[in-house]
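Here's the structure, in structure tokens; my notes come after.
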Number of protein chains: 2
Amino acid sequence: MMFAMSPTGSRRKRSKGDLTSQAILDTAERLLETKSLDEIAVDELTSGAGISRSTFYFHFESREAVLYALSERVVEGLYDNAALWLRRGSEPPEDSIRRAIAGTVSLWRAHGPVLRAAVRARDTSELVRGFWSGVARRFIDSTATQIEIERDAGVAVPGPPTARSLATVLVSMNETMCYSLSLSRKSAARDREVVDTLTAVWLRSVYGVSR
Amino acid sequence: MMFAMSPTGSRRKRSKGDLTSQAILDTAERLLETKSLDEIAVDELTSGAGISRSTFYFHFESREAVLYALSERVVEGLYDNAALWLRRGSEPPEDSIRRAIAGTVSLWRAHGPVLRAAVRARDTSELVRGFWSGVARRFIDSTATQIEIERDAGVAVPGPPTARSLATVLVSMNETMCYSLSLSRKSAARDREVVDTLTAVWLRSVYGVSR
DNA sequence: TGTTGAATCGACACAGTGTCGAATAATTTC
DNA sequence: GAAATTATTCGACACTGTGTCGATTCAACA
């Protein structure tokens, strides 16, 4: 049960159970656009997928497990994004940071409901907490490493605060802003404003740049 | 029903109902140290207060209403704290900002469970959302005003970003860090580290200071 | 002391959860 | 391709919790 995902457009035969699981996941993702996870009843998930309520428990252990599976659809994008953090060639820091932040914002725009539910479930579900702390650590580690490199090169403002401590604050700040941004109606202008503001805070905090 | 609080140590006669309401609130505050609001069942609240479950609904409309009442116990402290933001005499910005941030941190240390529950319920309950957005606006307004003053005086880095936009990000950042800090075991060292880091980010973002 | 409103209670109807064993569909094995 | 095995589905059940009602008790006071 619960195989790793087959290549997206594959014509490998999919067992009936896989189809049902997918239908449940699709329904969940759709419902999360409207309600929070604990407002969604199991029979809303299953009637959306055309099966009876008790069948749900054959496919998933709990509502949180659905969310966990849903999160994995997004996780690669998140990881790709984290990787962008490290890489900085000869371009100025501002471009590199803005690009990374803009990437995160658009990722939240695309998957807001799932990401918000995951953040909320962090406090509730052990499974989701573990998942999310892995994601966060990856971002924080990348950032801290990068800060240290820039400090060693004499480009960034030296500590204190610790590179890691600074990285933690900045990454959390991004998450919080993306969360609340994804709650508001999509607006390119507003998105740009948030990206600009976050970029400015990052630049000034790390490099001490004052233009 | 639901009178404004009587002066704390008052010997005005308190009706029996008031005592029961208080008992419910006390129980709720105690339980919130362990569980989240929606993990707390109504009969845990009432058995803690020595009354039957249905009596609860005579005193409060819902669990959220209890949280709202609980929040009001904390709100003055929160508002006092916001007031500190504006006032800055001849002392250097660093002292003023550090003092304000340290105040917020210790407030979250004192009332962490209630404040965390309120933040979480923001997404769920209209009542709590309104309450909290009022608190947030107060902080943001104070901060934005102060930033503008400092910019006009030529001390702070000019925009963009807008004073208000910058203030929003910085205040949210503080809230997020206080939330997660209040989840960890109390540690003076850790508290100081967080205060230092937040202070550094505020200073660099607003004043561009790089020491 | 009798009237009134505040406070409490138990009983009820309702929503949703998670588990079980039996029934059915799909796949494998011989 | 029939039998055996495994995957999937279902309805029924026992539970836990919610919110509402009308009946009852309590306390104040005219």
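Naming: A, B, ... by sequence-line order, numbering from 1 per chain. Computed from heavy atoms alone, side chains included, the values below leave out hydrogens, waters and symmetry copies.
Side-chain polar atoms of A:Ser182 and A:Arg116 form a donor-acceptor pair below 3.5 angstrom. Side-chain N/O atoms of B:Thr176 and A:Thr176 include a donor and acceptor closer than 3.5 Å. Side-chain atoms of A:Thr104 and A:Asn81 form a donor-acceptor pair, as typed in the model, at a separation below 3.5 Å.
A:Phe60 places its CZ atom 12 Å from the P atom of D:dT8, with the value rounded to the nearest Å. Atom OH in A:Tyr57 sits about 5 Å away from atom C1' in C:dG18, given to the nearest Å. Residue B:Ile24 contributes atom CD1, which lies 11 Å from atom C1' of C:dA7 at whole-angstrom precision. Rounded to an integer number of Å, the gap from B:Asp18 CG to C:dG5 P is 19 Å. In this structure, CZ of B:Phe58 is placed 5 Å from C1' of C:dA7, rounded to the nearest angstrom.
Atom CD of B:Glu61 has 12 or fewer neighbouring heavy atoms from other residues, nucleotides or ligands inside a 6.0 Å radius.
Across all strands shown, D:dC13 pairs with C:dG18; the Watson-Crick or G-U wobble distances both stay below 3.5 Å.
Using a 90° window around 0 for the glycosidic torsion, C:dA15 falls inside it and is classed as syn.
Not one side-chain nitrogen or oxygen of B:His59 sits closer than 4.0 Å to the OP1 or OP2 atom of C:dA6. Within the 4.0 Å cut-off from OP1 or OP2 of D:dT9, at least one side-chain nitrogen or oxygen of A:Thr20 is found.
Under a 4.0 Å N-O distance rule, the pair B:Asp141/B:Arg164 qualifies as a salt bridge.
Annotation: proximity of residues 39-56 of chain B to DNA chain C (heavy atom, distance under 4.0 Å) is found for B:Ile51, B:Ser52, B:Ser54, B:Thr55, numbered in ascending order.
Among residues two or more places apart in sequence or in another chain, the ring-ring contact (aromatic ring centres under 6.0 Å, His included) test is passed with B:Trp202 by B:Trp85.
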